[in-house]
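Letters A, B, ... are given to chains in the order of the sequence lines, protein chains preceding strands, and every chain is numbered from 1.
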Amino acid sequence: MPAARKLEGRRAESPPRPAVPRRRRPSLSGPYGFLVPLFLLLIGWAAVKGGFGLADDVVASPGQVAGALWALVETGVLPAFVSVSMGRLVLGALLAAAVGLPVGLLLGLTRYGALMFEPFLRFLQAVSGIAWLPLAIIWFGFTDRTILVVIVYTAAIPVIFNTMTGVRTVPPVYAQAVSTLGGGRLRTLWNVYLPGALPGIVVGLRLGIGYGWRALIAGEMLAGKSGLGFLIFDARRFHVIDTIMAGMVVIGLLYLVVDRMIFGALERLTVRRWGVLR
Amino acid sequence: MTATPGTSRTPLRIRLLPLVPFAGLLLAWALAGWLLRPSPATLPQVSAVAETLAELAASGELWEHVAASMGRWSLAIVAGVLTGVGLGLAAGLNRTVGAMVEPLATFFTAISGIVWLPLAIVWFGIGTETVVFIIWNSVFFLVFANTVLGVRSVPPVYDDAVRTLGGTQRHVVIQVVLPGALPYIVSGLRSGFGFAWRALIAAEIIGATAGLGAMIYRAAEFLRSDVIVAGNIVIGLLGLAIDLLVLVPLERRTVRRWGLVTEGGRA
């Protein structure tokens with residue numbers, strides 16, 4: 001039948017796997033592609049607020065939020081809180097990396113390390129840093145240290161997990177090659193496992209910062225006297241919705257900046273450039 | 001002779017390895033309690049926690065909290081998955097909708113979860129609605145993003161195939177797009193379930209009076225570290241159970257069975 005024969009012909013020279021499916025990312029999603037949706041969102045938001053006549057202590061209008069944002073900047077509250085929060089995050093991330101990387105490497109390199117520790121790590125992750133907040137409050141009170149401890153705990157786990165996985169994906173033949181060329185353990189670690197595990201490590205750090213960011217906000221809500229989490233949580237007591245929403249916007253933007261620009265750039269500079277990504 | 005973990009020939013020794021860190025922690029904890037003699041508020045003794053756990057279980061208080069937590073979690077998960085997959089399909093299939101929605105989804109993912117807590121408390125007060133909203137928030141954006149990714153990853157040649165055989169858009173969606181997007185969706189579910197569990201606890205600590213999170217937070221006020229540790233053990237075990245008992249079988253039955261993912265890749 002003609003139809004069958006036609007299909008036969010097509011299969012013979014079957015098209016290559018499409019690198020980009022037809023439903024590809026349209027150009028609207030270029031670097032400025034977010035402007036149109038943002039604009040529509042603002043309009044929709046203002047319309048809902050005005051149209052339904054929602055009270056000011058339920059939802060704030062875009063204008064009110066902008067006003068609150070300006071007030072926060074002007075009084076210096078926002079810059080101060082942003083730097084406090086970011087400071088905690090950065091410190092927490094550094095400590096988490098300092099703990100997580102060696103542990104992850106160790107677990108990945110030993111034969112049964114990963115197998116032995118994976119359920120345990122999953123258990124610790126299920127408990128989640130925030131669940132340790134009450135205990136941390138008993139130990140350290142409502143201080144910076146409490147928040148820091150929670151951030152480090154929360155961020156270290158993905159770092160360990162992903163470093164471990166990253167190390168394990170390195171084909172052993174490379175380590176063997178270095179061995180045959182006379183290299184010792186340290187050289188194998190430096191020249192084979194670290195670069196090889198780099199994609200995993202970067203993913204782990206990225207996730208760690210993401211989870212740590214949430215732990216930071218939660219910690220500041222509960223145990224902080226400063227910072228963005230504290231800002232939005234405290235504002236709720238006075239029902240100043242515009243401040244709460246302004247704070248949320250700042251938190252979101254800050255996270256996007258850290259995640260996309262810093263980690264995106266980091267990934268581009270290291271992993272992709274060294275061709276470690278398959 | 002090294003055995004492949006997970007096969008039926010794995011020696012018992014290897015299968016029990018995962019218990020070692022737990023045992024080690026327990027041992028270290030017991031030793032610390034015995035040697036350092038910390039105050040009960042700082043580090044409760046292993047025996048104290050065990051007793052408290054038994055007490056809470058016997059009095060039924062533990063089960064009340066567990067029920068409250070699991071109820072909220074289940075409800076929010078179902079809502080989050082249905083809305084996430086539904087909207088994700090819509091956004092993935094329609095180019096314009098996708099382009100419109102995606103940047104917004106990215107931003108809202110950045111603030112998903114507990115960042116909404118103050119607003120949620122203003123809107124719903126302290127209690128179940130707030131907790132469910134926060135969890136839904138956490139799950140929805142994750143599942144949505146993964147669904148969109150999954151839908152986009154399906155090569156269009158399959159849609160065309162179904163259409164040439166006379167299928168309608170409905171057939172395309174149900175028989176091509178959904179199964180094709182499934183690995184991504186299931187992967188999203190797997191992360192989402194864990195996320196949801198953690199968001200649940202966080203939301204309950206700050207925004208509820210019942211549930212495991214609320215239980216451990218109240219204990220802090222009375223310096224009952226034993227309750228906190230007991231509660232955390234339950235939280236951890238439940239979370240672990242969810243991961244192992246719900247998701248691995250789910251994955252096995254859908255994604256692997258339909259041959260959409262090759263064995264050997266770590267999820």
J.: Which region of B:S112, side chain (C-beta onward) or backbone (N, CA, C, O), has a non-hydrogen atom less than 4.5 Å from a non-hydrogen atom of chain A, or is it both or neither?
T.: both
J.: Show me the side-chain donor-acceptor pairs of residues 130-141 of chain A shorter than 3.5 Å, one per line, residues at least two apart or across chains.
T.:
residue : atom : partner : partner atom : Å
A:W132  : NE1  : A:Y153  : OH           : 3.1
A:W139  : NE1  : B:T42   : O            : 2.6

J.: Would you say that A:L216 contacts A:S85 through its side chain, given a criterion of any heavy-atom pair below 4.5 Å between the two side chains?
T.: yes
J.: Which bit of A:L38 comes within less than 4.5 Å of chain B, counting heavy atoms only: side chain, backbone, both or neither?
T.: backbone
J.: Against chain B, label A:I232 side chain, backbone, both or neither, depending on which of its atoms sit under 4.5 Å from a heavy atom there.
T.: both
J.: Between B:F144 and B:V101, what is the shortest heavy-atom contact and its length?
T.: CZ-CG1, 3.3 Å
J.: I'd like to verify something: which residue of B:L16, B:V234, B:L237, B:L212 has the highest number of heavy-atom pairs under 4.5 Å with chain A?
T.: B:L237
J.: Taking side chain to side chain contact (heavy atoms under 4.5 Å, CB included) as the definition, give me every residue that meets it alongside A:P62, ordered by chain and number, with sequence neighbours left out.
T.: A:L42, A:W45, A:A46
J.: Between A:V167, A:L207, A:I201, which is the residue that forms a side-chain contact (heavy atoms from CB on, under 4.5 Å) with A:N162?
T.: A:L207
J.: Taking the six-membered ring for Trp, are B:W116 and B:W123 parallel (under 30°), tilted (30 to 60°) or perpendicular (over 60°)?
T.: tilted
J.: Using non-hydrogen atoms and a 4.5 Å limit, figure out which bit of B:L25 sits close to chain A: side chain, backbone, both or neither.
T.: side chain
J.: Using non-hydrogen atoms and a 4.5 Å limit, figure out which bit of B:I216 sits close to chain A: side chain, backbone, both or neither.
T.: both
J.: Determine the option with the most heavy-atom pairs under 4.5 angstrom with chain A, choosing from B:A220, B:P21, B:G239, B:S225.
T.: B:P21
J.: Given heavy-atom pairs under 4.5 angstrom as the criterion, report whether the side chain, backbone, both or neither of B:I114 touches chain A.
T.: both
J.: Tell me, side chain or backbone of A:M221 under 4.5 Å from chain B's heavy atoms, or both, or neither?
T.: side chain
J.: Quick check for you: among B:V115, B:I111, B:I121, which has the greatest number of heavy-atom pairs under 4.5 Å with chain A?
T.: B:V115
J.: If I measure from the heavy atoms of chain A, does B:I228 come under 4.5 Å with its side chain, its backbone, both, or neither?
T.: side chain
J.: Rounded at 0.5 Å granularity, tell me how far CG in A:L228 sits from CE in A:M248.
T.: 12.5 Å
J.: Heavy-atom cut-off 4.5 Å, strictly under: side chain, backbone, both or neither for A:I217 against chain B?
T.: both
J.: Please work out which of the three classes, parallel, tilted or perpendicular, describes the rings of B:F195 and A:Y211, given edges at 30° and 60°.
T.: perpendicular
J.: Between CG of B:L117 and CZ of B:F133, what distance do you get to the nearest 0.5 Å?
T.: 10.0 Å
J.: Under a 4.5 Å heavy-atom cut-off, does chain B meet the side chain of A:R260, its backbone, both or neither?
T.: side chain
J.: With respect to chain B, which residue among A:F117, A:F123, A:F233, A:Y255 yields the maximal number of heavy-atom pairs within a distance under 4.5 Å?
T.: A:F123
J.: Pick from B:L119, B:V20, B:I201: which one has the most heavy-atom pairs with chain A under 4.5 Å?
T.: B:L119
J.: Parallel, tilted or perpendicular: which fits the ring planes of A:F120 and B:F22, with parallel below 30° and perpendicular above 60°?
T.: perpendicular
